[in-house]
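What follows is one structure encoded as C-alpha cells, with my remarks underneath.
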2 protein chains.
Amino acid sequence: MKLSVKVDYACRVLVQLARMDGREGLAHIEELARIEAVPATYLVQILGELRNGGLITSRRGKQGGYALARPPAAISLLDIVTLIEGDVLDLGGAAEGASGKRVAQAWREVRAVLAAKCAEVTLEKLAAKAGGEMYYI
Amino acid sequence: MKLSVKVDYACRVLVQLARMDGREGLAHIEELARIEAVPATYLVQILGELRNGGLITSRRGKQGGYALARPPAAISLLDIVTLIEGDVLDLGGAAEGASGKRVAQAWREVRAVLAAKCAEVTLEKLAAKAGGEMYYI
DNA sequence: ATCGACTTTGACAGAGAGTTTCACAAGGCG
DNA sequence: CGCCTTGTGAAACTCTCTGTCAAAGTCGAT
C-alpha cells in the first residue's frame, strides 16, 4: 500500500494548474518540473494521461498549453488516483480460497472508506492559499 | 495503491488460526495452503514474519505448530498490514517541491482515516461464523 | 540420539515503476 | 505554402521488488 510517485507528481502539477487557473504552456511546465524536482519528460507523460482521462485540456501551437477541464472544486484525489492507478485500492484476486470471500469483503469496506475520504479532498482545498508557503513562479 | 498478495495470504492464514484457536502444525498449514491455493513454501515464510512481528507464536519439535499470540479481538488489519508492509500508506518522499508539503499533508489525513478503519477490523470479526461459507478441514 | 517439525538463507524469474529518447502531429504566422 | 513552435505517442531501458522455489540448518520432544 504505497502511494506511487506518479500520483504524487500528478497531484502536484494539478495543484499548480488550479492555482494558476489559466492556460499554462509546456515551457512553464518544464520550469515547474525543475522547481519541484520532477523529471520534466515524465511529467509531460503524466500530463498526457490526465488529458486522456479528461481532468485537463490541452491546446497545441502557439498559445498552447494545459488547463484544468473543470473547476478545482470538482476534481478530487479520488479522481486523480483512479485515473492514474485504476483504483484507490486494488484487491487483486483476493476473493479466492477458503476465507478469501470474507477477507475480501472486509477490504471492500476499507476501500469504501478510503474512497470517501479521497473524494472529500478537492483541488480547491489543496490550492487554497491559507497556511503553507506556496511557490509562485 | 494495491493490496499485496502477501498481506492477503497473511490475513487468510490468520483468520484460519483464529477459527481453530489452538496450535496448528505445519502439516495442517500445508493442507490449508493447498485448499486456499497459496504456495505453501511462501506461506511458511509469511508465518515466519508474523512470528517475528509478534502476532503469532510457534513451537518446534513434535507437538509443534503455530498459534495466535493474542486473542483474535486484539489483532486487526492495521496490525497485519503495518507488520507486513511497514505502513498502511507509504507516502514515499512526497513532501518535496513547491506544493509538496500541502499535498503530503492531505495524504497524511487520508492515511489517518485509512488506519482508523483498518484498526476497526479485527480477526474476531473476520472469523465470526455468521454469514458466508467457511471452510472446515 | 534421533526423528519430526519449524527456520533461515539464497537464488531466480517476471512484473512494474520511473525514466529517457526519438520521431511525429498539429496549430500559428510570415 | 513552409517553417517554427508546441504538444503527442510509443518504444526501450534500468532498477527495484514481489512472488516463488529449494536446500541446508536448528531446535525440541521422547
Side-chain angles (χ1 to χ4, degrees), chain A residues 1-13 17 23-34 36-54 56-67 69 81 84-87 90-94 96-97, chain B residues 1-13 17 23-34 36-54 56-67 69 81 84-87 90-94 96-97:
Chain A
M1 250 140 122
K2 204 173 96 200
L3 189 64
S4 75
V5 176
K6 198 173 181 182
V7 168
D8 182 42
Y9 290 170
C11 290
R12 289 203 238 158
V13 75
L17 285 181
R23 189 160 300 277
E24 299 301 326
L26 234 196
H28 185 179
I29 297 285
E30 272 165 13
E31 187 182 0
L32 217 158
R34 215 172 337 106
E36 299 247 13
V38 169
T41 77
Y42 192 28
L43 192 51
V44 165
Q45 264 183 70
I46 295 171
L47 252 353
E49 284 187 48
L50 293 175
R51 189 184 56 90
N52 289 334
I56 62 179
T57 60
S58 66
R59 205 157 53 186
R60 299 204 221 200
K62 249 184 159 105
Q63 317 295 7
Y66 300 91
V81 174
I84 299 286
E85 306 214 333
D87 197 346
D90 181 3
L91 300 186
E96 286 160 39
Chain B
M1 250 138 122
K2 204 174 93 195
L3 189 64
S4 76
V5 175
K6 197 173 181 182
V7 167
D8 181 42
Y9 290 170
C11 290
R12 289 204 238 157
V13 76
L17 285 180
R23 189 159 299 277
E24 300 300 327
L26 234 196
H28 186 179
I29 297 284
E30 272 165 12
E31 186 181 1
L32 217 158
R34 216 171 338 105
E36 299 246 14
V38 170
T41 81
Y42 192 28
L43 192 50
V44 164
Q45 267 183 68
I46 295 171
L47 252 354
E49 284 188 48
L50 293 175
R51 188 185 54 89
N52 289 335
I56 63 178
T57 60
S58 66
R59 204 158 53 185
R60 300 202 220 201
K62 244 180 162 115
Q63 318 295 5
Y66 301 91
V81 174
I84 299 287
E85 307 213 333
D87 197 346
D90 182 3
L91 301 185
E96 287 159 38

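Numbers restart at 1 for each chain; the letters A, B, ... are given by sequence-line order, proteins then strands.
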Exercise. Could you give the CG-to-P distance, from B:D90 to D:dT18, as a whole number of Å?
Worked result: 11 Å
Exercise. Are any non-hydrogen side-chain atoms of B:D87 and A:M1 less than 4.5 angstrom apart?
Worked result: no
For this session: Take the protein atom CG of A:N52 and the nucleotide atom P of D:dT8, then report the distance between them rounded to whole Å.
Result: 9 Å
Exercise. For the side chain of B:R51 and the base of C:dT7, is some donor closer than 3.5 Å to an acceptor across the two?
Worked result: no
Problem set entry | Under-3.5 Å donor-acceptor pair between B:R60 side chain and D:dA29 base | no
For this session: Nearest whole angstrom, please: distance from the P of C:dT8 to the CD of B:Q45.
Result: 11 Å
Exercise. Does a side-chain N or O from A:Y9 land closer than 4.0 Å to OP1 or OP2 of C:dA17, or not?
Worked result: no
Exercise. Between D:dT8, C:dT20, C:dC6, which nucleotide gets closest to the side-chain atoms of A:P39?
Worked result: C:dT20
Exercise. Side chain of B:V44: nearest nucleotide among C:dT7, D:dA10, C:dC6?
Worked result: C:dT7
Exercise. Do B:S4 and B:D8 come close enough that some side-chain heavy atom pair is under 4.5 Å?
Worked result: no
Exercise. Counting only heavy atoms not in A:Q63, do more than 12 fall under 6.0 Å of its CD?
Worked result: no
Exercise. At under 4.0 Å between heavy atoms, what does A:S58 touch on the DNA or RNA strands: base, sugar-phosphate, or nothing?
Worked result: sugar-phosphate
Exercise. For B:I56 and C:dA5, what is the distance between atoms CD1 and P respectively, to the nearest whole Å?
Worked result: 17 Å
Exercise. Can you tell if the side chain of A:R23 reaches within under 4.5 Å of the side chain of A:R59, non-hydrogen atoms only?
Worked result: yes
For this session: Using whole Å, report how far CD of B:E49 lies from C1' of C:dT9.
Result: 14 Å
Exercise. Any side-chain N or O of A:Y42 under 4.0 Å from OP1/OP2 of C:dG18?
Worked result: yes
Seminar exercise, completed: When rounded to whole Å, the NZ to C1' distance for the pair A:K2 and C:dG16 reads 10 Å
For this session: For B:G64, answer base if it contacts any base atom (sugar-phosphate contacts may also be present), sugar-phosphate if it contacts only those atoms, and nothing otherwise; contact means non-hydrogen atoms under 4.0 Å.
Result: sugar-phosphate
Problem set entry | Euclidean distance, atom CZ of residue A:R23 to atom P of C:dG27 [Å, nearest integer] | 13 Å
Problem set entry | Base D:dT5 to side chain A:Q63, donor-acceptor N/O within 3.5 Å cut-off | no
Exercise. Is B:E85 salt-bridged to B:K6, going by a charged N under 4.0 Å from an acidic O?
Worked result: no
For this session: Grab the NZ-P distance between A:K62 and D:dT6 for me, whole Å please.
Result: 6 Å
